[in-house]
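Written below as structure tokens is the structure these notes are about.
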Protein chains: 2
Amino acid sequence: MLPNAPTPEKLDPRVKRTRSLIRQAFSELLAEKGFGALSVQDIAERAEINRATFYAHYPDKFALLKETLRQAFRAELEKRTLSACHYSEDNLRALIVTVCEFIARSNEHCKASEQQFDSLIENQVRRQIQELIELWLSQRGAAQPQTAATAAAWAIYGLAEGWVRQKNRPPVEAFAEQVLPLVAGNLK
Amino acid sequence: MLPNAPTPEKLDPRVKRTRSLIRQAFSELLAEKGFGALSVQDIAERAEINRATFYAHYPDKFALLKETLRQAFRAELEKRTLSACHYSEDNLRALIVTVCEFIARSNEHCKASEQQFDSLIENQVRRQIQELIELWLSQRGAAQPQTAATAAAWAIYGLAEGWVRQKNRPPVEAFAEQVLPLVAGNLK
DNA sequence: CGGCAATTGTCGGATAAACAACATAGGAGA
DNA sequence: TCTCCTATGTTGTTTATCCGACAATTGCCG
């Protein structure tokens with residue numbers, strides 16, 4: 001498992017409700033207007049909560065986007081059981097595929113590509129790739145897991161973004177297979 | 001319009017949420033277990049609210065059922081724009097049809113026919129029929145609207161229930177047409 | 001019959017959410 | 001430029017909900 005915030009299973013039902021309403025409203029508005037055009041007011045109105053309540057849970061809309069992205073990406077990883085695994089070439093290949101599809105889907109899902117949005121998703125996703133690879137490496141007792149993980153994470157994200165930008169993309173699996181050695185070499 | 005509780009349009013969003021959750025949980029449980037087998041505990045758990053909160057809104061599950069039935073029947077009336085109309089034979093016929101279908105649908109919708117449930121639905125529905133007919137009669141300036149309305153309401157409900165009990169029911173419209181004179185005679 | 005488990009209403013105290021108000025900042029248009 | 005309008009964070013107060021507990025009731029099983 002990824003290092004998890006020790007979520008207390010028994011949470012006040014009021015905060016569960018509020019968070020759920022906020023997330024729901026946020027994802028709706030994200031699809032409708034895009035991230036830049038959407039205000040905290042909008043979220044509060046749509047979720048039918050008080051605006052002050054929003055600030056009791058998130059410092060601003062950027063923090064909400066961060067959390068949303070983290071959770072979505074983590075869910076994607078866990079769906080493919082990547083977070084519990086040790087390092088292997090197969091897992092690395094699967095990770096690359098996951099990142100490619102996640103970025104592609106985020107770009108469809110959100111309205112238009114926006115500066116704020118793009119840099120934020122980059123940071124969050126790259127950070128998580130790095131955490132995962134660090135975990136893999138430290139499980140093997142590798143020396144200097146941080147530097148190797150940093151390089152690999154940046155490389156993977158950059159490659160994935162490049163793939164997404166292409167006009168006529170090759171199939172994800174083929175692309176992943178192609179770039180695999182570029183990343184795997186430094187992790188051996 | 002029927003005499004309406006002057007619902008303040010701006011209601012605390014918390015109570016809107018809570019009531020909505022309670023109603024939702026209640027109707028689910030009603031369909032699953034029936035009214036008799038369902039406890040306040042069940043409702044609170046399903047709705048994910050505290051049991052004490054339920055009692056802040058309803059004295060017991062019977063009150064909740066009453067409100068639910070009133071609202072459902074009123075909605076049915078308003079859908080057919082019966083509540084805003086004056087008296088006429090057409091409206092009376094439509095009222096009879098409405099009652100028949102409402103009782104029939106309630107019996108399907110709820111699990112098994114139960115004593116508590118049946119007497120409660122009878123009371124609530126009959127009371128509303130009576131209110132509506134009283135309104136019709138008083139709008140025409142009729143003398144003694146209460147006694148005539150009482151008789152008509154009981155008659156309509158009894159006839160409708162009889163129709164529902166039949167093994168091979170005739171079409172509702174035919175039945176309504178048939179019994180119409182039994183009721184209309186006293187309202188002229 | 002007697003316990004035993006579950007449900008019921010109700011209470012007091014703790015806490016999240018609502019609400020109204022405020023100062024601030026930024027954008028649109030005269 | 002100035003004005004108007006809207007969004008932003010933040011605060012203090014009030015209110016609805018949560019939570020744990022309690023005695024009383026009910027129904028069921030041995």
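Here is the naming used below: chain letters follow the sequence lines, and residue numbers restart at 1 for every chain. Values in this document were obtained by computation on a predicted structure and should not be read as measured data.
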Geometric cation-pi criterion, B:K61 with B:F26: 6.0 Å, 45°: no

5'-most by nearest nucleotide on DNA chain C - B:S39 or B:A52: B:S39

Between P of C:dT7 and OH of B:Y58, the distance in whole Å: 21 Å

Protein-nucleotide distance (B:R51, atom CZ; C:dT7, atom C1'), rounded to Å: 7 Å

Sugar-phosphate only, base, or nothing, as touched by B:R17 at under 4.0 Å among non-hydrogen atoms: sugar-phosphate

Test: A:K79 and A:E76 ion pair at under 4.0 Å: yes

Quiz item: B:R14 side-chain donor-acceptor pair to C:dA17 base, under 3.5 Å: yes

Partner of A:E131 under salt bridge (Lys or Arg N to Asp or Glu O under 4.0 Å), chosen from A:R126, A:R74, A:R70: A:R70

Sugar-phosphate only, base, or nothing, as touched by A:N50 at under 4.0 Å among non-hydrogen atoms: base

Which residue lies more 5' along DNA chain D, comparing A:D60 with B:F54 via nearest heavy atoms: A:D60

Sub-4.5 Å side-chain heavy-atom contact between B:R93 and B:E177: yes

A:Q24 and A:E28: side chain donor to acceptor below 3.5 Å: yes

Which residue lies more 5' along DNA chain D, comparing B:T53 with A:D42 via nearest heavy atoms: A:D42

Phosphate contact (C:dT10 OP1 or OP2) by B:Y55 side-chain N/O below 4.0 Å: no

First and last nucleotide of DNA chain D, 5' to 3', lying under 4.0 Å from heavy atoms of chain A: D:dA7 to D:dC19

Phosphate contact (C:dA17 OP1 or OP2) by A:H57 side-chain N/O below 4.0 Å: yes

Integer-rounded Å distance: C:dA18 C1' and A:E45 CD: 15 Å

Salt bridge B:E32-B:R46, side-chain N to carboxylate O under 4.0 Å: yes

Same cluster (ILVMFWY, side-chain, under 4.5 Å), A:V99 and A:W154: no

